[in-house]
Amino acid sequence: MLDIREIRDNPEHVRERLATRGEDFAAKVGDVVRLDAERREAITAVEELKARRNSASKEIGALMGQKKTEEAEAKKTEVRDIGDQISALDSQAAQADDELRDILLRLPNLPHADVPVGDSENDNMEIRQWGEKPNFDFEPKPHTELCDSLGLVDFARGAKLAGSGFLLYSGWGARLERALIQYLLDLHVHNHGYTEVSPPFIVGYDCMIGVGQFPKFEDQAYMVQEGLDEESRGKLYLVPTAEAPVANIHREELLKAGELPKNYCAYSPCFRAEAGAAGVGTRGMIRVHQFDKVELIKIVEPETSYDELDKLLGHAEKVLQSLNLHYRILQLCTADMSFGSATTYDIEVWAPGQGDYLEVSSCSNCEDYQSRRMNLRYKDDDGKNRHPHILNGSGTALARLFVALIETYQQPDGSIAIPEPIQPYLRADRIPAS
RNA sequence: GGAGAGAUGGCUGAGUGGUUGAAAGCGCUCCCCUGCUAAGGGAGUAUAGGUUAACGCCUAUCGAGGGUUCGAAUCCCUCUCUCUCCGCCA
């Protein structure tokens, strides 16, 4: 959520920054300014009346104490009128407040000044590459063929169980997936100093609001109903990312400055309905409704957040470097960044069988956008309450890492070599050709 | 799912309609005193919002929301969470 004070004091600036993400957003600034003024006007009026009522009520109390019942009764009728005015004005103020809040919740974060302005993903900027595309003296197969021939993923039966977009990993495939999860968690916990958490995979509506998924993207989530109780709908959702529970761990808390930074890492499956996206690149494991991911979350003091973003990105890169997988890093342009982000870097890993790069990580600094939404604050060294900056990054997404790994390490004989760091987790140095 | 108990400021914990934003204690901060790592005295110590150039003033908040009333931490209703016991269950 944007800072209402900044909008109030500097509407033109906010309008310009929002316009880089889309004119529709910029157009809302005028409404915000108007509603904010209405709201404050109503509040001032209400509070003045309430002050009058409070002092009159005290007088009544005093009169009652002195047994001056008649005077007290006269006073009561007088105050009753004030009460009626208050409730009328109160609802006016509440209405302006609701409308204002609703608009604010639907406005994205302001992009950082350094973010390239663009209209689509085509305007994203490549920052750097690492490693090189591997050479093959045979035609590398796509992961779908490898999965079929080695029995790593049973696409047909996965679809039978839950519909298209759901995977049934089996045998070596299931073991490799598990090995990767374990490896990533250990890497971030032991080498990068993150605190591991294992969150609920279902979260309440407020968590989704907190990270900016809701209210705008409710159509992308899986809603959970308890049994046959339709009343329960709209309360719980399958997590689209571990960011939803983990970034909300300290929601509505007031942390002490010394408690920051908080560095969390968590594994979770991620559930994405992707309504309306069906049919687009859906074959195989690249775009699915459920995938595994290890997520990194940082809650930090504002002054440090861009340094922390660099670290976060480095930690995610380390995953690919340690597995010797070629990748590139993009800085997303204003139009392609997620809703709450002020700056985002994507990591795309090379998948030889696809002949393309696959997004496996998105590292974002949301600044105070999320902490304001979830009312998370910390008391700084001067005793002032401030909103910390919240960062998130995939470290990394798994289905696609799996794809890049098996496509990169496929051998002429049909087997798959396993990079050294994974071997102890898989208890094998290759997946044998069947 | 059934029965019961509870939710008050950083913590402990009073408070059943009228200067209670909230006693007391602890903790913390500052000051004073004290010739020594002790004790004592004093002051301060929530959050959000509105208003003001500022000092300040005002409003709201005692789990959440609604109601009764001139006035609610205190009475009524609904909900949430926690604890104990029972049932069911991986």
Side-chain angles (χ1 to χ4, degrees), chain A residues 1-9 32-101 104 198 200-210 224-237 245 248-260 269 368 371-388:
Chain A
M1 189 150 62
L2 299 178
D3 186 354
I4 183 64
R5 286 197 187 82
E6 189 180 349
I7 302 179
R8 192 185 294 159
D9 297 341
V32 170
V33 171
R34 176 179 54 80
L35 284 167
D36 177 51
E38 279 178 28
R39 171 182 165 275
R40 281 186 296 156
E41 195 181 329
I43 285 177
T44 307
V46 165
E47 291 187 345
E48 193 185 322
L49 287 172
K50 283 184 179 169
R52 276 168 55 193
R53 182 179 68 184
N54 285 348
S55 67
S57 288
K58 275 183 189 168
E59 287 174 37
I60 291 173
L63 290 171
M64 299 288 274
Q66 296 162 31
K67 304 269 195 252
K68 296 181 179 171
T69 335
E70 266 183 39
E71 286 176 51
E73 286 302 325
K75 204 84 179 166
K76 279 187 193 179
T77 37
E78 192 184 318
V79 179
R80 225 187 308 263
D81 286 341
I82 299 180
D84 294 341
Q85 294 177 52
I86 287 175
S87 37
L89 270 169
D90 240 348
S91 59
Q92 242 181 62
Q95 195 190 332
D97 197 56
D98 286 349
E99 284 179 41
L100 181 63
R101 184 175 162 76
L104 286 175
S198 181
F201 298 156
I202 295 178
V203 293
Y205 189 88
D206 289 341
C207 287
M208 298 291 266
I209 288 279
V224 175
Q225 176 173 311
E226 290 177 30
L228 300 177
D229 178 14
E230 295 193 14
E231 297 280 307
S232 69
R233 293 174 68 173
K235 292 184 177 165
L236 296 173
Y237 297 82
N248 275 288
I249 288 176
H250 300 287
R251 183 155 62 90
E252 286 164 48
E253 292 185 16
L254 179 59
L255 302 172
K256 298 185 180 79
E259 294 183 70
L260 299 180
D368 60 2
S371 56
R372 185 171 282 112
R373 280 179 165 248
M374 64 180 74
N375 192 23
L376 164 62
R377 292 160 303 161
Y378 77 100
K379 198 174 274 297
D380 71 12
D381 291 329
D382 298 329
K384 213 176 133 202
N385 295 336
R386 303 173 65 193
H387 295 289

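Convention: sequence-line order gives letters A, B, ...; per-chain numbering from 1.
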B:G49 OP1/OP2 closer than 4.0 Å to side-chain N/O of A:R40: no
B:G67 and B:A23, which share atom name P, separated by this distance in whole Å: 29 Å
Distance between P atoms of B:C11 and B:C79 (Å, rounded): 28 Å
Pairwise C1' distance for B:G63 and B:C83, with rounding to whole Å: 15 Å
Rounded P spacing from B:G25 to B:G44 in Å: 14 Å
Inter-nucleotide P distance (B:U20, B:A60), Å rounded: 16 Å
Whole-angstrom distance between B:C32 and B:U82, as gauged at atom P: 49 Å
Below 4.0 Å: OP1/OP2 of B:C58 and any side-chain N or O of A:R53: no
Watson-Crick or G-U wobble mate for B:G18, both contacts under 3.5 Å: B:C70
Residue A:K379, side-chain atoms from C-beta onward, closest of B:U47, B:U59, B:G71: B:U47
Of A:K76 and A:R52, the one whose closest RNA chain B nucleotide lies more 5': A:R52
B:G50 phosphate, OP1 or OP2, under 4.0 Å from A:R39 side-chain N/O: yes
Inter-nucleotide P distance (B:G35, B:U8), Å rounded: 45 Å
Contact residues, residues 86-95 of chain A to RNA chain B [heavy atom, < 4.0 Å]: none
hbond_proxy A:E47 side chain to B:G49 base (donor-acceptor, 3.5 Å cutoff): yes
Selected nucleotide, minimal atom distance to A:T44 side chain, candidates B:C70, B:A48, B:G50: B:G50
